[in-house]
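Below is one structure, written out as structure tokens, with a few remarks after it.
Order of listing sets the numbers, starting from 1, for every ligand and every atom in it.
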Amino acid sequence: MTSTVADVVASLVARLPEGVVVREPAQLEKYRHDHLHDPSAGTPVAAARPLDVEQVRTCVTWAAQHGVPVVTRGTGTGLSGGARAVDGCLVLSTERMRAVEVDPRARVAHVEPGALNVEVKEAAAAAGLFYPPDPGSFRISSIGGNIATNAGGLCCVKHGVTSAYVLGLSVVLADGRLVELGGSTLKDVAGLSLTQLFVGSEGTLGIVVGATLRLVPPPPPQSTLVATFPTLRSSGEAVVDAGRTLRPSMMELIDRRSINNVEDMRPSGLDRGAAAMLVAQLDWPAEARALEKICRDHGATEVHVTDDPDDGEMFVEIRRATGPAVERRGAFLAEDVAVPVDALPDVLEAIDRVAVDLDLEVPVVAHAGDGNLHPAILHDPRDPDQVRDAHRAFERIMRIALDAGGTITGEHGVGRTKRAMLPEQVGDDVLDLMRSVKTALDPAGLLNPGAGF
Ligand SMILES: Cc1cc2nc3c(=O)[nH]c(=O)nc-3n(C[C@H](O)[C@H](O)[C@H](O)COP(=O)(O)OP(=O)(O)OC[C@H]3O[C@@H](n4cnc5c(N)ncnc54)[C@H](O)[C@@H]3O)c2cc1C
């Protein structure tokens, strides 16, 4: 007699403590989508919320035995469809694996994957240390998700992205084996760098069940600069110029449409007519004054510098508010291209032309200091013409980035939304190489099928 899906799921339920597996449709709904809420998301047969590594291994071994795809999920804040469920999969959610343990003498944190980024930051701060990577979602995204997407963020322009802080990983492989990679040392060249192979692998090669993260001493109190510019080009040129002599710890750009979105949501007297606004932070007041001069040399209309941490935080919050402010405008496609920094002025203008050509509203924010742009392509999902044009814009912006020597994704990952464009960036040989690695680690193709490459 052939077993039904219900029997197969029941066999997983039987192997785990009560409450680990959920399978009611209403309970499963929240495990189907990432932050994009794509209506085409599949329906899982179950979601597992393991409490420890052994329970993860039980899930993965069961999935391998029954040929069930596994979509690993942190907190589902991803913006590229990476944690989107596929039909018939098991969603493996790390939400209940949240431990964080700091070793201040070794300057490392041992973390479980479901710990939120903010929880790691807070634990590090309590020990007098600092965990720098700070995606805009740091209060709501998991460390496992940050590692699996190699998340960037606001202060990465100086401090580097997640990969720079991952010293060791515990990974459950597709056949259920547990491997320990790297450790707590700052240097390690024993064999191939498999630790880094898993960073940014978007749940396609293995499941991160633990990480050892590097912590550093906290930076000094920050000086903050806010400057508005009459043109996109002048703001971009100021960023390029600043990078030659200064090392800001934040260099964010907010364009006119994003400024207006924030003002509409939370009026705070921003200059609605400015073409762009830069929000920068620097470790030393003298550097902030030097940046002020650079901005003025590039025609900034207003420049404000403060050494007061509360004032500074207020300006950074304006940058953070650009996300919620665009979300309340309705549906949008989330872009994440990155280009060599010197291409920033041209690329900002080229993206603006795409918006004009296709008659779409495309607010842009950028981690400008590292050339990473986030155009949000607004459209009405009920209007087929606009949906088509939004997808055209999405593709055209990726091509603009590629033509400028850049990448289709700087930090959100390929996920499912950018998969079709990946061959155009990396070419057949590199794609084959990626697939060989995948086949070696996951021959049955069960880990996050359809995502990445
Ligand atoms: C308001 C907002 C601001 C954002 N700002 C930034 C930003 O500044 N920088 C940035 O980089 N991103 C940003 N993001 C995107 C998102 O928060 C990041 O990609 C984040 O790293 C995803 O973490 P998560 O826990 O939500 O992962 P999920 O969305 O749950 O998963 C993301 C991917 O990681 C895989 N995955 C998750 N956990 C594991 C694991 N333990 N093992 C293996 N694979 C796993 C999933 O399968 C999926 O492919 C933002 C998102 C929002 C909503």
Practice problem: Could you pull out the closest heavy-atom pair between Leu225 and Ala288, with the gap in Å? | Solution: CD1-O, 3.9 Å
Quiz item: Do Arg272 and Asp264 pass the salt bridge (charged side-chain N to carboxylate O under 4.0 Å, His left out) test, and can you show the C-alpha distance, the side-chain angles, and the key distance before you say yes or no?
Solution: CA-CA 10 Å; Arg272 285 180 178 273; Asp264 290 344; 2.9 Å; yes
Exercise. May I ask you to check whether Ser137 has an N/O atom sitting below 3.5 Å from an N/O atom of ligand 1?
Key: yes
Quiz item: Heavy atom of Gly144 under 4.0 Å from ligand 1?
Solution: yes
Exercise. Among all protein heavy atoms, pick the one closest to atom 12 (N) of ligand 1 and tell me residue, atom and distance.
Key: His412 CD2, 3.5 Å
Practice problem: May I ask you to check if ligand 1 and Gly76 share an N or O to N or O distance below 3.5 Å? | Solution: yes
Quiz item: At under 4.0 Å between heavy atoms, which part of Ile147 makes contact with ligand 1: side chain, backbone, both or neither?
Solution: neither
Quiz item: Under 3.5 Å between some N or O of ligand 1 and some N or O of Val71?
Solution: no
Self-check item: Atoms in ligand 1 with a heavy atom of Gly82 nearer than 4.0 Å
Solution: 47 (O), 48 (C), 49 (O)
Quiz item: Under 3.5 Å, N or O to N or O, is Gly206 touching ligand 1 that way?
Solution: no
Self-check item: Heavy-atom nearest option to atom 31 (O) of ligand 1, drawn from Ala83, Ser141, Gly410, Ala148
Solution: Ala83
Quiz prompt | Salt-bridge criterion met for Glu317 and Arg139 (N-O under 4.0 Å) | solution = yes
Quiz item: When only distance counts, is Thr72 in polar contact with ligand 1, meaning an N/O pair under 3.5 Å?
Solution: yes
Quiz item: What protein heavy atom is closest to atom 19 (O) of ligand 1, reported as residue, atom name and distance in Å?
Solution: Thr149 OG1, 3.5 Å
Quiz item: Using 4.0 Å as the upper bound for N to carboxylate O, is an ion pair formed by Glu119 and Arg98?
Solution: yes
Quiz prompt | Identified side-chain contact (heavy atoms from CB on, under 4.5 Å) counterpart of Asp352 within the set Leu232, Val347, Asp255 | solution = Leu232
Quiz item: Does the Asp34 side chain pair with the main chain of Gly81, one donor and one acceptor, at a distance under 3.5 Å?
Solution: yes
Quiz prompt | Shortest protein heavy-atom distance from atom 27 (O) of ligand 1, along with the residue and atom involved | solution = Gly145 CA, 3.5 Å
Quiz item: For Leu348 and Gly236, which heavy atoms make the closest approach, and how far apart are they?
Solution: CD1-CA, 4.2 Å
Quiz item: Has Gly153 got any heavy atom lying under 4.0 angstrom from an atom of ligand 1?
Solution: yes
Quiz item: ligand 1 and Glu327, any nitrogen or oxygen pair closer than 3.5 angstrom?
Solution: no
Practice problem: Would you give the length of the straight line joining atom CG of Leu169 to atom CG of Leu213, rounded to the nearest 0.5 angstrom? | Solution: 8.5 Å
Quiz item: Does Arg319 CZ have over 12 foreign heavy atoms under 6.0 Å away?
Solution: yes
Quiz item: If you count the atoms of ligand 1 from 1 in the order shown, which ones are under 4.0 Å from a heavy atom of Gly74?
Solution: 25 (O), 28 (P), 30 (O), 37 (C), 38 (N)
Quiz item: Hey, is Thr77 touching ligand 1 through its side chain, its backbone, both or neither, going by heavy atoms under 4.0 Å?
Solution: both
Quiz prompt | atom 1 (C) of ligand 1 protein-contacted (non-hydrogen atom, under 4.0 angstrom) | solution = no
Practice problem: Salt-bridge test for Lys158 and Asp283: reply yes if a basic N is under 4.0 Å from a carboxylate O, no otherwise. | Solution: yes
Practice problem: Let me see the working for Val262 and Ser258 under side chain to side chain contact (heavy atoms under 4.5 Å, CB included), right down to the final yes or no. | Solution: CA-CA 6 Å; Val262 173; Ser258 306; 5.6 Å; no
Exercise. Among all protein heavy atoms, pick the one closest to atom 29 (O) of ligand 1 and tell me residue, atom and distance.
Key: Gly78 N, 2.8 Å
Quiz item: How far is atom 41 (N) of ligand 1 from its nearest protein heavy atom, and which residue and atom is that?
Solution: Val208 O, 3.0 Å
Quiz prompt | Heavy atoms from other residues, nucleotides or ligands near CG of Asp87 exceed 12 (cutoff 6.0 Å) | solution = yes
Exercise. Verify salt bridge (charged side-chain N to carboxylate O under 4.0 Å, His left out) between Glu95 and Lys30, making sure each step is shown before the conclusion.
Key: CA-CA 12 Å; Glu95 68 196 290; Lys30 77 168 193 176; 3.7 Å; yes
Quiz item: Are a donor atom and an acceptor atom from the side chains of Gln425 and Thr407 found within less than 3.5 Å of each other?
Solution: yes
Self-check item: Ligand-side contact atoms (ligand 1) for residue partner Arg73, heavy atom cut-off under 4.0 Å
Solution: 30 (O)
Quiz item: So Leu378 and Val326, side chain to side chain contact (heavy atoms under 4.5 Å, CB included) or not? Walk me through it.
Solution: CA-CA 8 Å; Leu378 288 160; Val326 75; 4.2 Å; yes
Practice problem: Return yes or no for this condition: an N or O of Ile207 is under 3.5 Å from an N or O of ligand 1. | Solution: no
Quiz item: Any N or O of Ser142 that comes nearer than 3.5 Å to an N or O of ligand 1?
Solution: yes
Quiz item: Given that the side chain starts at C-beta and the backbone is N, CA, C, O, which of these parts of Glu411 lies under 4.0 Å from ligand 1, counting heavy atoms, or is it both or neither?
Solution: both
Exercise. Please work out whether the ring planes of His391 and His379 are parallel, tilted or perpendicular, with thresholds of 30° and 60°.
Key: tilted
Quiz item: Hey, which atoms in ligand 1 end up nearer than 4.0 Å to a heavy atom of Ala151?
Solution: 11 (O), 21 (O)
Practice problem: Work out which heavy atom in Val337 is nearest to a heavy atom in Asn372; give both atom names and the distance. | Solution: O-ND2, 3.0 Å
Quiz item: Among all protein non-hydrogen atoms, which one is nearest to atom 20 (C) of ligand 1, and what is the separation to 0.1 Å?
Solution: Asn146 ND2, 3.5 Å
Quiz prompt | Heavy-atom proximity to atom 11 (O) of ligand 1, best of Pro135, Gly323, Gly152, Ala334 | solution = Gly152
Quiz item: Does the N or O separation between Pro113 and ligand 1 drop below 3.5 Å for any pair?
Solution: no
Quiz item: What do you reckon, does His367 put a non-hydrogen atom under 4.0 Å from ligand 1?
Solution: yes
Quiz item: Looking at Glu335 and Lys418, does any basic side-chain N land under 4.0 Å from a carboxylate oxygen?
Solution: yes
Exercise. May I ask you to list the atoms of ligand 1 that are less than 4.0 angstrom from any heavy atom of Asn448?
Key: 47 (O), 49 (O)
Quiz prompt | His35-ligand 1 polar pair, N/O distance under 3.5 Å | solution = no
Self-check item: Option whose closest heavy atom lies nearest to atom 8 (O) of ligand 1, chosen from Gly203, Gly136, Ala211
Solution: Gly136
Quiz item: Can you list the ligand 1 atoms lying under 4.0 Å from a non-hydrogen atom of Glu202?
Solution: 47 (O), 49 (O)
